[in-house]
Amino acid sequence: MKKVRKAVIPAAGMGTRFLPATKAIPKEMLPIVNKPSIQLIVEEAAASGIEEVIIVTGRGKTEIVDHFDAHPLLEDSLRRAGKDALLQEIIKATQLVKVTTVRQQRPLGLGHAILCAAHVVGDEPFAVFLPDDLVDSERPCAAQLIDVYQRTGKSVLALMNVPREETSQYGIAAGTFVPDHERELLIEALVEKPPAAEALSTLAVVGRYVLDPSVFDYLRRTNPGRGDEIQLTDALAQMVQKQALIGYLFEGERFDAGDVAGYLLANLNWARKTPRLWRSVQAWVKAHG
Ligand code: UTP
């Protein structure tokens with residue numbers, strides 16, 4: 001079984017749900033407490049054994065590339081000021097994994113963005129992290145999927161149950177749960193954002209995948225679908241006709257940081273990990289709640 005060494009992080013979208021904040025700042029650079037959200041993603045990748053991330057960027061996304069690059073001037077200044085803890089934190093973020101970037105010239109959709117990384121991924125299984133989806137879990141979400149991939153050799157999609165009225169916001173999977181592996185669904189059908197009345201299930205695909213490289217062939221043959229964009233779900237819906245795909249109900253809590261409400265909740269969730277911050281939040285809630 002080939003090791004899952006590489007991960008693609010598509011980050012070339014326009015982030016319209018977050019305007020006007022995202023007019024001049026990539027949404028992936030908006031902070032969760034004091035880290036850009038994409039750093040949490042890269043940390044999850046590193047903690048899952050990923051050695052190289054390929055960030056798909058577009059116009060106006062250079063801050064992301066700068067964030068993972070060394071900054072000798074800042075490092076010297078922190079060193080001179082004796083701010084060692086901060087210095088180490090800054091350096092650590094640049095050394096988590098190898099970071100490669102590719103450019104998507106036009107925002108033709110998530111599927112197209114992933115295809116832009118095909119030449120860097122090559123012929124090996126790879127992970128995909130959608131940077132909007134932040135997952136707080138004991139074992140990193142991607143590591144949970146990689147475990148399933150290593151055991152089965154099949155592509156794996158992260159799943160979570162959603163209220164039926166929300167199916168139109170997600171790719172929805174239907175299939176049969178695997179005996180003795182109650183979190184694993186043998187996927188039989190995938191539909192992108194079905195209305196509640198048409199949804200075959202309430203099992204939503206969340207932004208973590210481990211994919212066989214043959215997905216690139218399916219993506220090349222996928223025509224623009226919903227929103228006139230080349231959709232990853234449409235390519236996977238074709239792929240599942242020919243090879244087994246597994247959905248995995250991961251353990252952990254997911255936040256949609258691409259949406260204003262989800263972003264606020266993610267900030268609260270991560271603030272809770274720092275007692276001093278959390279005491280401030282609790283005091284504020286007590287005074288206003
Ligand atoms: P979204 O559909 O959430 O689009 O993309 P978006 O532009 O990021 O955000 P909104 O909906 O306008 O607020 C899902 C993921 O696919 C990437 C996005 O960066 C995001 O991580 N994507 C989407 C691309 O990389 N390229 C595209 O052409 C479209």
Side-chain angles (χ1 to χ4, degrees), residues 6-30 32 36-42 44-45 53-65 67-68 99-121 126-135 141-142 157-158 160 162 166-172 190-194 204-209 211 215-216 219-220 222-236 254-266:
K6 298 181 183 176
V8 177
I9 305 179
M14 308 281 263
T16 51
R17 281 173 296 164
F18 240 109
L19 283 168
T22 47
K23 187 179 168 198
I25 297 170
K27 75 172 162 186
E28 298 78 9
M29 289 302 291
L30 297 177
I32 302 297
S37 59
I38 195 159
Q39 185 175 329
L40 294 182
I41 296 287
V42 173
E44 182 190 325
V53 300
I54 301 137
I55 304 179
V56 184
T57 68
R59 191 161 290 278
K61 299 278 183 169
T62 40
E63 287 90 345
I64 299 177
V65 188
H67 183 71
F68 292 105
V99 176
T100 303
T101 53
V102 298
R103 215 70 187 184
Q104 184 190 28
Q105 293 193 332
R106 286 173 215 286
L108 298 178
L110 169 61
H112 179 261
I114 292 170
L115 199 46
C116 291
H119 63 291
V120 189
V121 171
F126 64 104
V128 173
F129 289 70
L130 300 195
D132 282 354
D133 282 337
L134 302 177
V135 182
C141 182
L157 285 56
M160 73 175 189
V162 296
E166 290 179 15
T167 57
S168 62
Q169 299 168 32
Y170 298 92
I172 296 292
L190 279 165
V191 182
E192 180 66 6
K193 303 192 166 109
V205 179
V206 178
R208 298 288 184 278
Y209 308 74
L211 298 174
V215 71
F216 293 125
L219 283 168
R220 283 187 196 99
T222 300
N223 293 319
R226 221 166 202 288
D228 211 22
E229 293 190 341
I230 297 175
Q231 299 287 356
L232 174 61
T233 309
D234 292 345
L236 295 175
R254 172 261 190 185
F255 298 87
D256 180 3
D259 164 79
V260 177
Y263 174 78
L264 288 174
L265 294 177

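Just so you know, residue 1 is the first one in the sequence shown, and it goes up from there. Indexing begins at 1, ligand by ligand and atom by atom, following the structure's order.
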Short N/O distance, under 3.5 Å, between [X] and ligand 1?
{"X": "G13", "value": "yes"}
{"X": "R17", "value": "yes"}
{"X": "F18", "value": "no"}

Measure the distance from [atom] to every protein heavy atom, then report the residue, atom name and distance (to 0.1 Å) of the closest one.
{"atom": "atom 20 (C) of ligand 1", "result": "P10 O, 3.9 Å"}
{"atom": "atom 25 (O) of ligand 1", "result": "A12 N, 2.9 Å"}
{"atom": "atom 7 (O) of ligand 1", "result": "M14 N, 2.7 Å"}
{"atom": "atom 15 (C) of ligand 1", "result": "L110 CD1, 4.2 Å"}
{"atom": "atom 28 (O) of ligand 1", "result": "G109 N, 2.8 Å"}

For the [atom1] atom of [X] and the [atom2] atom of [Y], what is their distance to the nearest 0.5 Å?
{"X": "L211", "Y": "L157", "atom1": "CG", "atom2": "CG", "answer": "6.5 Å"}
{"X": "N223", "Y": "D228", "atom1": "CG", "atom2": "CG", "answer": "10.5 Å"}
{"X": "D256", "Y": "D133", "atom1": "CG", "atom2": "CG", "answer": "6.0 Å"}
{"X": "I55", "Y": "F129", "atom1": "CD1", "atom2": "CZ", "answer": "11.5 Å"}
{"X": "I41", "Y": "R208", "atom1": "CD1", "atom2": "CZ", "answer": "4.0 Å"}

Are the side chain of R254 and the backbone N or O of G207 linked by a donor-acceptor pair below 3.5 Å?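 Not confirmed, R254 side chain does not pair with G207 backbone.
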Do side-chain atoms of K61 reach the backbone of A11 as a donor and acceptor pair under 3.5 angstrom?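 Here the side-chain-to-backbone pair exists.
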side-chain contact (heavy atoms from CB on, under 4.5 Å) between M29 and I64, worked out: CA-CA 7 Å; M29 289 302 291; I64 299 177; 4.0 Å; yes
Within a reach of under 6.0 Å around CZ of R59, are more than 12 heavy atoms found that belong to other residues, nucleotides or ligands?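 Check fails, neighbour count at 12 or below.
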Using a 4.0 Å cut-off to any heavy atom of [X], which atoms of ligand 1 qualify?
{"X": "P107", "result": "28 (O)"}
{"X": "A113", "result": "24 (C), 25 (O), 26 (N)"}
{"X": "D132", "result": "3 (O)"}
{"X": "T16", "result": "10 (P), 12 (O), 13 (O)"}
{"X": "L108", "result": "28 (O)"}
{"X": "P131", "result": "21 (O)"}

For Y209, which residues count as a ring pair (Phe, Tyr, Trp, His ring centres under 6.0 Å) partner, sequence neighbours excluded?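 With sequence neighbours excluded, Y209 shows a ring pair (Phe, Tyr, Trp, His ring centres under 6.0 Å) to no residue whatsoever.
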Once the angle between the rings of F216 and F126 is folded into 0 to 90°, is it parallel (under 30°), tilted (30 to 60°) or perpendicular (over 60°)?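 The rings of F216 and F126 lie parallel, inter-plane angle below 30°.
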[atom] within contact range, any protein heavy atom under 4.0 Å:
{"atom": "atom 18 (C) of ligand 1", "answer": "yes"}
{"atom": "atom 4 (O) of ligand 1", "answer": "no"}
{"atom": "atom 22 (N) of ligand 1", "answer": "yes"}
{"atom": "atom 1 (P) of ligand 1", "answer": "no"}

Heavy-atom distances under 4.0 Å decide this one: backbone, side chain, both or neither, for [X] against ligand 1?
{"X": "L130", "result": "neither"}
{"X": "Q104", "result": "side chain"}
{"X": "K27", "result": "side chain"}

Between L40 and E44, is the side-chain contact (heavy atoms from CB on, under 4.5 Å) condition met? List the steps. CA-CA 6 Å; L40 294 182; E44 182 190 325; over 6 Å; no
Taking all non-hydrogen atoms of both residues, which atom of P10 and which atom of L110 are closest, and how far apart?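 Smallest interatomic distance, heavy atoms only, reads CG-CD1, 3.5 Å.
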